[in-house]
Amino acid sequence: MNNNTQQGIVKWQSPANIALIKYWGKAGHQIPANPSVSFTLNNAHTEMELQWEVKPESNELDITFFFEGKENLKFRQKIADFLQTRVVQYPFLKTLKITIHSENSFPHSAGIASSASSMSALALCLCSLENIFLNTLNDESNFFHKASFLSRLASGSASRSVYGGLVTWGKIDGLENSSDEVAATLQAPTHDIFKTYQDAVMVVSRSEKATSSRAGHALMDAHPFKEARYTQARSNMQALIKAIAEGDTNTFGRITEEEALTLHGLMMTSEPSVLLLLGNSLEIIHKLRTFRNEKRLPICFTIDAGPNIHILYPAEVKKEVDSFIVAELAQLCESKYWIADHVGNGPKRLK
Ligand code: DP6
C-alpha cells in the first residue's frame, strides 16, 4: 500500500445463485458433505460498498453496517463475527474504521436467499482490501479463488456466487481441480441450451424462514437417510454433468426436481421436522407438471430451503412459459409477485 493512503472505497456487485444439486449437510467446518452445482443468477444481486479509513488506535474491529440505507445491527453482528475469524490472516482489519453499505436488487422479504449474494459480496470486498494492504491478489484467477474460499467460510452456497454460469463446489470424482474448499466454473462441456436458462421465481410467501440454513444443515448429522442422501447426490452430480454436456433437458429436469424434492423430504423427515412447502407451492408443481405433459416443453422446477418455486427453462420457450406463468401461476404467488431472472456472468467490481 502507498503509505500516504489513509482511506478508500471498494465496491462489488455479487449475484445470488440457485442450486440444482443441493448442498445440504456438512462434513466439518464449512466443508460440504456432498458436491453441489448451481446456476449463477443475473438480476438478483447484492451491491456492497466498503469504506475504510485508518484509525489512530489499532485494537478492536470497528464496523458500522447499513442495509438499504438503515443501520442494521443484526447483519453487522454476522459480518463482524466473520471478519473476527479473519483477523489473524488480515491484521490490517484492526487498524481500520470500516463502514459498509449493502443493498439487494430484490426485496428483502421476497424469500430469495440473500446470504449467497451478500456473503460473496463481502468476500470480494475483503479480497480487494487484501490487495490494497498486502498486494497479494493481482492475478485475476487467484483473486476469485480466494474470494470463493472466503465466501465459503462465511456461507457455503456463497462460494458458488463468485463465478458466472454453471458453478460446482465440492470434490467430484473424475473432475479435476474440484474441491471442497472452493467453487469453480463447471469444468466439463456445457451444451449451449443451458447457457440461456431462465429462472422465474414464484414467490409463494414473502415471510422470512423460521429455520436458518445453518440449523437445517445440522439436522443432517443425525438423519437416518444421511448416507443414502450423500450417495444419491454424488450419483446425481455425475448424471447431471452428462445431461448438461449432451443438452439432455429431460434428464436435467428429472434430476433437478428429484434434488429439490429430496431436500424437502430430508427436512420433513428431520428431527425436529421442518416443513417449508405451502399449499400453493404444491399447487404450482402440479400445474407445472400438467402443463409440461400437455406441451412437452423443457421446463422443470427447483426449490431452495423455503416455499418458493423456481421454474427453469431455456430462452427459446420463454414466451410460451411466461404466458403460462401469468395465466396460471401468478395467482398462486403472494400478491401475484414473481421474479424473472436468468443465468448471469458473475460478480462485477463497481469501485
Ligand atoms: C438449500 O449456504 O445458506 O440453499 O453454509 O450454513 O451458510 P451455510 O448454508 P447455506 O446453505 C444453502 C442450502 C441450500 C442449497 C444450496 O444452495 O446448495
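Both counts, for ligands and for their atoms, begin at 1 and track the order of listing. When reading the values below, keep in mind they use all heavy atoms of this one structure, side chains included, and skip hydrogens, waters and symmetry mates. All of these numbers come straight from a predicted model, not from anything done at the bench. Starting from 1, each residue takes its place in the sequence as its number.
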With a heavy-atom distance limit of 4.0 Å, tell me whether Ser155 approaches ligand 1 through its side chain, its backbone, both, or neither. both

Looking only at heavy atoms, is any part of Ser115 under 4.0 Å from ligand 1, and if so is it the side chain, the backbone, or both, or is it neither? side chain

His217-ligand 1 polar pair, N/O distance under 3.5 Å: yes

Going by an N to O cut-off under 4.0 Å, is there a salt bridge joining Arg289 and Glu257? yes

Ignoring hydrogens and angles, state whether a donor on the side chain of Glu53 or Gln51 is under 3.5 Å from an acceptor on the partner side chain. no

Could you establish whether Arg160 and ligand 1 come within less than 4.0 Å of each other, counting only heavy atoms on the residue side? yes

What atoms in ligand 1 come closer than 4.0 Å to a heavy atom of Gly156? 2 (O), 5 (O), 7 (O), 8 (P)

Report, in ascending order of atom number, the atoms of ligand 1 lying under 4.0 Å from any heavy atom of Gln30. 5 (O)

Which ligand 1 atoms, with their elements, are less than 4.0 angstrom from a heavy-atom of Asp304? 4 (O)

Heavy-atom contact check, 4.0 Å cutoff: does Lys26 meet ligand 1? yes

As an exercise, identify every atom of ligand 1 less than 4.0 angstrom from a heavy atom of Ser213. 3 (O), 9 (O), 10 (P), 11 (O)

What is the minimum heavy-atom distance between Phe144 and Pro347, and which atoms define it? CE2-CG, 4.4 Å

Within the distance-only criterion (no hydrogens, no angle test), does the side chain of Trp169 pair as donor or acceptor with the backbone N or O of Asp180 below 3.5 angstrom? yes

Return the set of residues passing salt bridge (charged side-chain N to carboxylate O under 4.0 Å, His left out) with Glu320 (not counting sequence neighbours), or none when no residue passes. none

Please identify which atoms of ligand 1 are closer than 4.0 Å to at least one heavy atom of Ala19. 16 (C), 17 (O), 18 (O)

Looking at ligand 1, does any of its N/O atoms fall within less than 3.5 Å of an N/O of Tyr23? yes

By the definition side chain to side chain donor-acceptor pair (under 3.5 Å), identify the one residue from Ser118, Ser161, Ser120 that meets it with Ser14. Ser120

Identify whether NZ of Lys or CZ of Arg in Arg152 sits under 6.0 Å from the centre of the six-membered ring of Phe149 and within 45° of that ring's axis. yes

May I ask you to list the residues sharing a hydrophobic cluster with Leu73, side-chain cutoff 4.5 Å, ordered by chain and number? none

Polar contact flag for Lys22 and ligand 1 (N/O pairs, less than 3.5 Å): no

